[in-house]
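Inspection log for the structure reproduced underneath, given as structure tokens.
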Number of protein chains: 2
Amino acid sequence: MPILTRMGDVFKALADPTRRTILDELTERDDQTLFEICVRLTSRHQLSLTRQAVSQHLAVLEEAGLITTRKQGRYKFHHLDTTPLAAIFERWPVTRKGQAP
Amino acid sequence: MPILTRMGDVFKALADPTRRTILDELTERDDQTLFEICVRLTSRHQLSLTRQAVSQHLAVLEEAGLITTRKQGRYKFHHLDTTPLAAIFERWPVTRKGQAP
DNA sequence: AGGATAGGCAAGCCGTCACTTGCCTGTCAA
DNA sequence: TTGACAGGCAAGTGACGGCTTGCCTATCCT
């Protein structure tokens, strides 16, 4: 798994609303397993998805560098990593009101 | 054209590499017309696209609130607006090294 | 050992999206 | 006023993405 992820992968990963919800879930509670994420997606976000669907979403997020995984026994924990998002602001600086043009 | 744009529209707009290149082009030189953007996409980014293709891309970007348009005679100028990007960081704070956990 | 649990692999379906093609509207200059 | 220029609308096509289904591997607990 390459440390340097392509910028397009980050945007592609963020393009799907389910994947954004997964990031929300990991923001609130980090280092969850695949099944934990499945359960919380259905119980808290009214999303009924197959385990494989969530697994594929997690693969996309990992390829984008937005999450890292850690295997421990038969469990695989998913850790949120928001550092790739910083590249967005370096590319297009956000102009807030009161800033110099 | 609503001022409040859906968050999903922003990510959908950023998902396409051509649209990201258009944002780059407007970052470097703001308030360009459709034809100017077409020319600069082909001459500076080796992208050969139809005028309609670029027009549709601009429509997506405008719907996402990332660009605003201003009609003047038969010209239509496109102005970059990066303020919708700020919502990304408010949603998932970027943790840089040296920050408190 | 053996069943239950956590996860992976691969093929197939269907909707969405990017792009093209063709034609139409509005504006400016000679 | 007529042609050239800037842009818009709409239908059609091909490819990619999200999701499912079915089956397989690995780890843990009696």
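Lettering follows sequence order; numbering is per chain, from 1.
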Rounded to the nearest 0.5 Å, how far does CG of Leu61(B) lie from CG of Leu26(B)?
-> 8.0 Å
Tell me, please, which residues at least two apart from Arg74(B) pass side chain to side chain contact (heavy atoms under 4.5 Å, CB included).
-> none
Students should find that the nucleotides of DNA chain D closing off the region near chain A, any atom under 4.0 angstrom from a heavy atom, are dG17(D) to dC28(D)
Measure the CG-OG1 distance between Leu47(A) and Thr21(A) for me, rounded to the nearest 0.5 Å.
-> 5.5 Å
Residues from residues 11-24 of chain B sitting under 4.0 Å of DNA chain C, heavy atoms only?
-> Lys12(B), Asp16(B), Thr18(B), Arg19(B)
Check the distance between dT25(C)'s P and Lys76(B)'s NZ and give it to me in whole angstrom.
-> 18 Å
Give a yes or no answer on whether the side chain of Arg19(A) reaches the backbone of Leu14(A) with a donor-acceptor pair at less than 3.5 Å.
-> no
Any N or O donor-acceptor pair linking the side chain of Gln56(B) to the base of dT20(C) at under 3.5 Å?
-> yes
Atom CD of Gln52(A) and atom P of dA6(C) are separated, to the nearest Å, by 14 Å
How long is the line joining CZ of Arg70(A) and P of dG7(C), in whole Å?
-> 12 Å
Do any side-chain atoms of residues 76-86 of chain A form donor-acceptor pairs under 3.5 angstrom with protein atoms, and if so which ones, sequence neighbours left out?
| residue | atom | partner | partner atom | Å |
| --- | --- | --- | --- | --- |
| His79(A) | ND1 | Asp30(A) | OD2 | 2.7 |
| Asp81(A) | OD1 | Thr83(A) | N | 3.3 |
| Asp81(A) | OD1 | Thr83(A) | OG1 | 2.8 |
| Asp81(A) | OD2 | Thr83(A) | OG1 | 3.2 |
| Thr82(A) | OG1 | Pro93(B) | O | 3.1 |
| Thr82(A) | OG1 | Thr95(B) | N | 3.2 |

Applied to residues 84-94 of chain B, the salt bridge (Lys or Arg N to Asp or Glu O under 4.0 Å) test, sequence neighbours excluded, yields Asp24(A)-Arg91(B)
May I ask you to decide if Arg51(A)'s main-chain N or O and Ser55(A)'s side chain share a donor-acceptor pair within less than 3.5 Å?
-> no
Pairwise 5' ranking along DNA chain D for Gly73(A) and Thr50(A), keeping only the more 5' one | Thr50(A)
Straight-line distance of Arg20(B) CZ to Leu66(B) CG, nearest 0.5 Å = 12.0 Å
If we only count heavy atoms from C-beta on, is the Thr18(B) to Val54(B) side-chain gap below 4.5 Å?
-> no
Does Glu36(A) offer a backbone N or O that forms a donor-acceptor pair with the side chain of Thr33(A) under 3.5 Å?
-> yes
Of the residues in residues 28-44 of chain A, which ones touch DNA chain C at a heavy-atom distance under 4.0 Å?
-> Thr33(A), Leu34(A), Phe35(A)
With rounding to the nearest 0.5 Å, note down the distance linking CG in Leu34(B) to CD in Gln52(B).
-> 8.5 Å
Rounded distance (Å) that lies between atom C1' of dG7(C) and atom CG of Leu49(A) | 17 Å
